[in-house]
Structures are given as C-alpha cells and as structure tokens.
Amino acid sequence: MSMPDEAQRRRKARINAVKLALLALAFYAVFIVAQLYRGQ
Amino acid sequence: MSTAEHHVADHAHDDHDHGPAKGIMRWLTTTNHKDIGTMYLVFALIMFLTGGTMALVIRAELFQPGLQLVEPAFFNQMTTMHALIMVFGAVMPATVGLANWMIPMMVGAPDMALPRMNNWSFWILPVAFTLLLSTLLMPGGAPAAGWTMYPPLVQQTGDAFPFMVFSIHLMGASSIMGAINIIVTIMNMRAPGMTLLKMPLFVWTWLITAYLLIAVMPVLAGGVTMLLTDQYFGTTFFRADGGGDPVMFQHIFWFFGHPEVYIMILPAFGIISEIIPTFSRKPLFGYESMVYATASIAFLSFIVWAHHMFTVGMPLAGELFFMFSTMLIAVPTGVKVFNWISTMWRGAMTFETPMLFSIAFVILFTIGGFSGLMLAIAPADFQYHDSYFVVAHFHYVLVPGAVFAIMAGVYYWLPKWTGHMYSEKLGKLHFWISTISVNVLFFPQHFLGLAGMPRRIPDYNTQFADFNMISSIGAFVFGFSQLLFVYIIWRCVKGGEPATAEVWESPAGLEWTVPSPAPYHTFDVAPEVK
C-alpha cells in the first residue's frame, strides 16, 4: 500500500467515523426525545 | 508480559526505523493495535478475576442455607457488581482486545483506521471501572439493585448511584468509539482483493457486532441518564407518582440488553468459526450461510427484547409477538451449529486445546440455547421467570459459551502474539478441569430454578440445600482452575518452544503469513489477496 493510498483510506475512514458517531447520537436522541414527548 | 513485548520490540528494531517507546509511556501513548489489544486483554483478565472473586463470595454464601458470611445488602452488591464487571469489564473488553489484535492482521491493514481514538477507547475503561469499584468503599456500599438497574428499586441506591451511571456512560463512550473504529477499519482498510465475502468469519462477526454496539449503547446511555434526571433533577420518566412509567425503563433497558447478549456472543461465534476449520483441516462449511445467519441473528436481536419481561402484564398480542420472534432466533443459530458440525464431519481432526474449547463451546452453548428456547415460551416463562433456571441459562451461554470461546481464541492466537507455544499438557488440564467444573457449577442450577428457587437471594429454603452445595463446589473448582490459565499465559509469554509463522497445520488467513511473534508493524505494504 503506497502512502498516499493509505492516507486516502484513512481520510475516508475518518469521514465514515463521523457519520457513524452521528448515527449513535441519533439513537441517543430518539430515545430521549420519545420519552420527553411521552412523559413530560 | 514484558518479555513478549520485548520480543516484539526487538523485531521492530530489526526491520523498522521506530519501535515502541520505553516504559509506562509506551502504554499510555501507544497507537499500535497490538499494544492496545494486549492492554484490553490484560484488563479483561484482571476484571475476570475480580468479577470471579465476587462470584465466589456469592457461591460461598449459598453453600448452605441460612446467612453465614455476608450481610444480605452486601450480597446484593456482589450480584450486581459481578454482573456489571463480567459483562462490561471482562467479556466485552476481551473480545475488543481480540478484535484489536486480529482484525488489522486478518484484513491486511497496517493498523486500525483511527489509532489515536483507539488509545482513548481503551484508557477510558480503567477510569470507568475505578469509578464503579470505588463505590464498594462508600458508606452505603456499591449498587445493589441488579445489573438491570430497574427503577424504583435502583433509586434507593444512595451515593453509589451517580457513580454507576457515569461509569456506564464512560463504558458506553468507549464501546461506541471502539465499534466505530472497527467498522471503518473493516470498510476502508482492507487489502486489495479482500472483498467482503472473502473476509474471515471473525472479521464478519465483529463488523456486525460493531453495528449492534452503535445502535444500542446510546440507548443504554439514554436510559441511565433518564434514571439520573429522575433522581436528581425532578423529572418523572419512570416515576409513577409523576405520571411516568417504571416499566418503560425495562423496555429501554432490554432494547439495549438483548442485542447486548449478541454483542457478547457473535464475536465468540467468529472465533469458533476460525478454530474449527483449522483443526478439522477443512474449509468452513457454509461460509456464506454463516454470514447471513450472523446478520439474521443481529436483526432479530432488535425485535425480541420484551421476552425478558413477559410477566410485567403485556397485551396478549405482545406476548405472542415476542415469543415467536424469539423462537425464530433458533433458526440462524441452528444453521451455525450445524455448519460447525458439518465442518468437523469427516475432517482430519486433532484435539489441541483451542479445538477442545471450541467443541465444548458448540455442545454447551447449545444447551444454553435450548434452555433459552424453553424460556421463550411465554406461558412457561411465568414459571421460570426470576428463578435460578434463568441464571443457569444465561451462565451456560456466557461461561462455556462466550468465555470458553475467548479462551479458545487466546490459546489459538497466543503463539502468534508471543512467538512461543504454550504448554499443551497444561492447556488440556485447564480445559478438562474447567469443562467438568463448569457443568458441576451450572447444571444443578437448572434443577434449583425448576424447583422454584428465586434469583438474587442470599438465603433459601432447606429443600434447595443439596444442589446449592454441589453448585458451590463446582464454582470453587472452576474459579481456582482459572489461575492455571493465568499461569499458562504467563509461562508462554516468558518462553517456550518457538512458534512457526503458521503455528498450526496450514491454517487459513493472512495473520499466519507474518512471523511469530507478529512484528510490531505488519502489512506496511498491503498484501495481495487472490
């Protein structure tokens, strides 16, 4: 694997990591908001 | 441990311009997947022994009816802490440790995609468990309402309560970051030619597990945050007196909790799927069906959660839905079990320690699966619920299930990590003592549960005395035999017969193409996968 190639892969990986973190945050938010809407 | 690292370091000096830093800073600042994998595994082992000690306190108290050794309140703290430590501190970090060590080598990547985040994921854990364990020293003691933390009981916890919640937040953050790292490593860092359906099964099971983690750890974090705000900030999410619903917590908890059991078992399935083909000297039977079965189990794990709460008073339609969806899981799980058996069928089998643990896994995990099917039957569950039958069931899937698979994996890859063969004689001794004692420990608990002994009690009716005594004897033999496991690892790290690159007879996978011990940096140049 040449260096620019690996750097490119890592950049792509970082972008995907941010997307996955947002997905996790969305799960957190959905459950809290659903509870707030339901109970409060 | 230090000698193995010394060997790894030596190798790195041979063929690379920079090796690891020296001393403690190496471990604090490392971004190397092998170092971080080692730290996860050592951490998991320490937690396994800590949680195991708590289990022995429980079994010592239950050796005879009546109260002998500990206060009932402390007994409850032990059951709660044992579960939290074993689930979040032992099994999960152990499988993450194996993932860290093996996934980059298996997919032909030089390291994890996000090495600094990898370091952070690990170092959060000792902080989280220091917080959690520190509650044992508080005036009110540690959390004692069970690892399921049901309100309103959990809200009587006292000062330990916020510590428990924050430690779970930290464990969640660590797991989510670990999961993200594993997904992006697998999706973005595979060697050329390594298509998804050429990946080793361990990589596949971890990819699916990582998605489960991302979906459910935030839900757990949300649930415990709501407990926290109910306790300290006047909300009434789960307080009936303010219009809230305590049962809603059970729904939220088990929406996390059921996928969580697959988070613990899917990587175990992956390990077994690596080991059985090697020692059967045949390729894995039904590779693609294994992948689809894993994905099916993961999907089903999201729609079965209320089978943990059949007795709360659900509508009949709910009981039926969760009963039938739960039974469906037997189908992909059966596919896996039959595939493992078919892999062994007419294979040139040998029975080294990893294979022995794997075969025991297939048999004993299946016993746990069958008792799970019994529990899935809603009307029958009204009898089994909250009894020792449940304790027997989940310990069968977790101890001779997940823990045996992890041990199988450690024996299988230990020569690759250390460059030495472990003592096969001692490994086999460890296997036989563990396998016999684990059955002495957990099998009688089925009978206790069916006869009506409830979970989480420090004292019991005298009719349960005999089986409890047998179970406790099994527990002490099993517990102390794990010191042999520690000794075998320690001896293998220190020295022993040198391991070849392949270690075993023609095992499949890229990890066996690098020398043993694996150099500090592997695959700086990506291998070509045909």
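In what follows, chains are A, B, ... by sequence order, proteins preceding strands, each numbered from 1. As the structure is a prediction and not an experimental result, all values here were calculated from the model.
The distance from atom CZ of B:Phe237 to atom CD1 of A:Ile32, rounded to the nearest 0.5 Å, is 6.0 Å. To the nearest 0.5 angstrom, A:Phe31 atom CZ is 12.5 Å from B:Phe256 atom CZ. Atom CG of A:Leu25 and atom CD1 of B:Ile214 lie 12.0 Å apart (nearest 0.5 Å).
Evaluated for a side-chain contact (heavy atoms from CB on, under 4.5 Å) with B:Ile180, the options A:Val18, A:Leu20, A:Asn16 yield exactly one hit, A:Leu20.
B:Trp120 CH2: 12 or fewer foreign heavy atoms inside a 6.0 Å radius. Heavy atoms from other residues, nucleotides or ligands lying under 6.0 Å from CZ of B:Phe299 number 12 at most.
With contacts defined as side-chain heavy-atom distances shorter than 4.5 Å, the pair A:Arg10/B:Asp111 qualifies.
For B:Ile176, the part sitting under 4.5 Å from any heavy atom of chain A is the side chain, from C-beta outward, and nothing else. Contact annotation for B:Thr185: neither backbone nor side-chain heavy atoms come within less than 4.5 Å of a heavy atom of chain A. Residue contact with chain B, scored on non-hydrogen atoms closer than 4.5 Å, is absent for A:Ala26.
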| Does the side chain to side chain contact (heavy atoms under 4.5 Å, CB included) test come out yes or no for B:Thr225 and A:Tyr28, once each step is laid out? | CA-CA 10 Å; B:Thr225 305; A:Tyr28 183 79; 3.4 Å; yes

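Between B:Val184 and A:Ala17, the shortest heavy-atom distance links the atoms CG1-N, 3.6 Å.
With A:Arg9 contributing its side chain and B:Arg190 its backbone, the two residues share a donor-acceptor pair below 3.5 Å.
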